[in-house]
Amino acid sequence: MASCVAVVAATVLTRDIGYILDTPLWVDEAWVAVSVRLPLSMTDDVAVTTPMGWMLLLRGASALPGDPLRLVPLGFAVLAALAGWMAAREAHLRWHPTLAGLVGGMTVALSPALLTRADLKQYTADAFAALALSALAVRCARSRSRRDLAILVVASGACASVSVAGLFIAPSILGALLVDAAADQRWGDLRDRAIATLAAGAVLGAYAVVFVLPSVNSALTDYWADLYLPGAPVDAFEAIRHRFARVGPLVGGDAVWPLWYLAALFGAVRLWLIGQRVIVLTWVNLLMGLVLLGALERYPFLDIRTSTFVLVGISWFAGIGFLHGSLLIAQRSLRGALPLLVAGLATLGLVASAAWPSIWAHTVPPLDVRSQTEYVVEHRREDDVVLIGLLGGYGAAYYWTGAPVSVEFTDVTATGFITWPNDESVVHARDRTREAIGAAVREAVETARRRGADRIWIIHTHVGPTEWGAWKSELAAAGLELRDVDVGVEPLRYAEL
């Protein structure tokens with residue numbers, strides 16, 4: 001129990017909780033957050049690739065005071081570390097389970113890939129699902145009981161509801177369990193596991209058909225195009241090698257990440273040798289499946305965000321490898337309990353050194369539509385007009401709590417929808433093109449004249465050079481001279497008529 005408490009404490013203390021909870025939501029978070037201000041019946045319509053269960057957890061967290069939504073990914077980071085602790089213990093019940101659990105949990109808690117994920121996304125839930133189901137897989141392989149298989153099937157469905165990774169890791173586990181039973185010619189186990197596979201397949205398939213596949217659109221596919229794998233084998237191999245090198249620092253830190261890949265391979269070999277072949281086969285299946293999905297252009301391969309669970313899993317295997325390797329070396333010259341102590345300290349030291357640059361990491365993009373929106377709501381005159389850029393609409397709709405949210409379904413963005421505050425003073429640009437921006441500017445001027453207003457506030461965020469050039473050109477064409485208000489990281493702008 002002490003090792004479990006230490007893992008939880010390490011997870012919490014290595015993250016800047018104040019920063020996580022106080023930093024404004026940026027665009028990719030705001031379109032997720034705005035769902036809590038929509039009717040519950042619309043949750044599925046705006047979930048896109050965010051799992052439904054995770055979205056419902058956000059809705060529950062929104063009832064807490066302040067701006068509490070990032071408590072959900074933070075909570076899953078803690079659960080992921082505990083799952084790493086459990087998976088390591090389950091795999092080492094006959095080999096120093098307390099020390100193995102401590103190393104497994106700490107490796108996950110201090111994984112650079114997990115430390116840098118403070119954003120309002122399901123990536124920490126992905127890591128939890130992958131490791132929690134891996135722990136259940138080890139238990140199923142050991143007990144060979146129908147009860148544990150039933151728990152695994154139910155857990156697979158539950159994890160898929162909060163994590164995209166659940167859709168990948170569960171089939172990988174069940175495939176590994178089938179191979180394990182067939183290899184030893186345990187036909188009774190094979191039958192039971194085949195039934196469990198069919199049951200899980202039905203549950204996960206139904207979930208994917210109802211909630212996941214309908215959200216995949218051409219804009220989303222185009223967005224991930226650069227992260228798919230080439231069709232030619234040689235090009236695909238080179239792309240895979242390059243991706244592993246690119247994400248290496250998120251596995252083992254900036255300096256010695258190649259060593260972590262070697263340690264992960266050694267950890268997998270050692271687990272196999274101590275009889276834990278199911279968890280090794282699970283992750284081999286998973287990686288091969290992700291390569292196939294990348295080649296079929298169905299999932300981005302080793303993206304630093306969507307593949308967080310893969311990077312954390314590799315770190316977990318590396319932690320196990322470091323522990324076994326350190327113990328083998330220490331046993332050559334030390335006796336008694338000293339080899340365990342030295343191996344544990346050496347492994348935790350390696351884990352901490354890799355994590356050090358990422359502790360209390362501030363990785364949320366510095367975009368601030370919150371301050372702009374709150375300033376406008378507080379300082380605007382009754383007849384003022386508010387012009388909101390396309391991407392600013394998500395955050396403005398979330399933070400403008402005094403107005404309901406308008407939603408329009410469109411293929412302009414990868415999310416498949418746009419939002420803005422439903423207020424008669426608000427004009428929202430429907431695209432980032434010059435034509436759409438010009439139309440929005442002209443509508444804002446006409447609205448201001450109709451309302452007798454002499455001021456137009458302009459809220460926008462995540463504006464690139466091309467889009468900003470279009471804004472300046474169209475505002476100048478309308479005879480509007482911009483002035484800045486320093487409210488935060490991004491300036492709020494307004495124009496007098």
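The model shown is predicted, which means the values in this text are computed figures rather than measured ones.
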Could you tell me which non-hydrogen atom of [X] sits nearest to which non-hydrogen atom of [Y], and how far apart they are?
| X | Y | result |
| --- | --- | --- |
| Gly166 | Ala129 | N-CB, 4.5 Å |
| Ala170 | Leu204 | CB-CD1, 3.6 Å |
| Val489 | Pro366 | CG1-O, 3.0 Å |
| Ser358 | Pro112 | OG-CB, 3.8 Å |
| Arg193 | Ala141 | NH2-CA, 3.8 Å |
| Ala196 | Val153 | O-CG2, 3.6 Å |

Only one of Lys121, Arg117, Arg305, Arg70 passes salt bridge (charged side-chain N to carboxylate O under 4.0 Å, His left out) with Glu29; say which it is.
->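 Of all the options given, the one that passes is Arg70.
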Evaluation steps, side-chain contact (heavy atoms from CB on, under 4.5 Å), between Leu58 and Leu120 | CA-CA 9 Å; Leu58 277 191; Leu120 190 66; 3.6 Å; yes
Do [X] and [Y] have side-chain atoms, one donor and one acceptor, less than 3.5 Å apart?
| X | Y | result |
| --- | --- | --- |
| Trp272 | Gln276 | no |
| Thr413 | Tyr394 | yes |
| Trp85 | Ser3 | yes |
| Asp126 | Thr308 | no |
| Asp148 | Ser145 | yes |
| Ser134 | Trp283 | yes |

Check whether [X] reaches the backbone of [Y] with its side chain - one donor and one acceptor, N or O, closer than 3.5 Å.
| X | Y | answer |
| --- | --- | --- |
| Tyr19 | Val364 | yes |
| Ser315 | Val251 | yes |
| His462 | Trp26 | no |
| Arg15 | Trp360 | no |
| Ser111 | Thr107 | no |
| Ser161 | Gly53 | no |
| Arg243 | Phe301 | yes |
| Thr433 | Ala436 | yes |
| Ser62 | Arg59 | yes |
| Glu490 | Asp368 | yes |

Start with the C-alpha distance between Phe128 and Phe309, add both sets of side-chain angles, then the distance that settles ring pair (Phe, Tyr, Trp, His ring centres under 6.0 Å), and finish with yes or no.
-> CA-CA 8 Å; Phe128 161 71; Phe309 67 102; over 10 Å; no
When you look at Val210 and Met52, which way does the side-chain contact (heavy atoms from CB on, under 4.5 Å) test go after all the steps?
-> CA-CA 11 Å; Val210 174; Met52 275 293 295; over 6 Å; no
Look at the aromatic rings of Tyr207 and Phe211 and report parallel, tilted or perpendicular, splitting at 30° and 60°.
-> tilted
[X] vs [Y] side-chain heavy atoms within contact, under 4.5 Å:
| X | Y | answer |
| --- | --- | --- |
| Leu56 | Leu40 | yes |
| Val426 | Ile388 | yes |
| Val36 | Met55 | no |
| Arg186 | Asp180 | yes |
| Arg246 | Arg241 | no |
| Leu367 | Pro24 | no |
| Thr282 | Leu286 | no |
| Leu311 | Leu302 | yes |

Can you list, pair by pair, the side-chain donor-acceptor contacts under 3.5 Å of residues 395-408, counting residues two or more places apart and other chains?
| unit_1 | atom_1 | unit_2 | atom_2 | d |
| --- | --- | --- | --- | --- |
| Tyr398 | OH | Asp67 | OD1 | 3.0 |
| Tyr399 | OH | Leu25 | N | 3.1 |
| Glu408 | OE1 | Arg430 | NE | 3.0 |

Heavy atoms from other residues, nucleotides or ligands near CZ of Arg191 exceed 12 (cutoff 6.0 Å) =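 Enclosed.
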Rounded distance (nearest 0.5 Å) linking atom [atom1] of [X] with atom [atom2] of [Y]:
| X | Y | atom1 | atom2 | answer |
| --- | --- | --- | --- | --- |
| Phe409 | Thr415 | CZ | OG1 | 9.5 Å |
| Gln372 | Ile458 | CD | CD1 | 10.5 Å |
| Leu292 | Arg298 | CG | CZ | 10.5 Å |
| Thr363 | Ile304 | OG1 | CD1 | 9.5 Å |
| Leu149 | Leu177 | CG | CG | 6.5 Å |
| Leu391 | Ile459 | CG | CD1 | 13.5 Å |

Test log, rule side-chain contact (heavy atoms from CB on, under 4.5 Å), inputs Val72 and Phe76 = CA-CA 6 Å; Val72 174; Phe76 273 114; 4.0 Å; yes
Could you tell me if the ring centre of Phe168 sits under 6.0 Å from that of Tyr299?
->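 Yes, ring centres under 6.0 Å apart.
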Ion pair present between Arg142 and Glu90, side-chain N to carboxylate O less than 4.0 angstrom?
-> yes
Applying side-chain contact (heavy atoms from CB on, under 4.5 Å), run through Ile240 and Leu229 and close with a yes or a no.
-> CA-CA 8 Å; Ile240 291 170; Leu229 292 175; 4.0 Å; yes
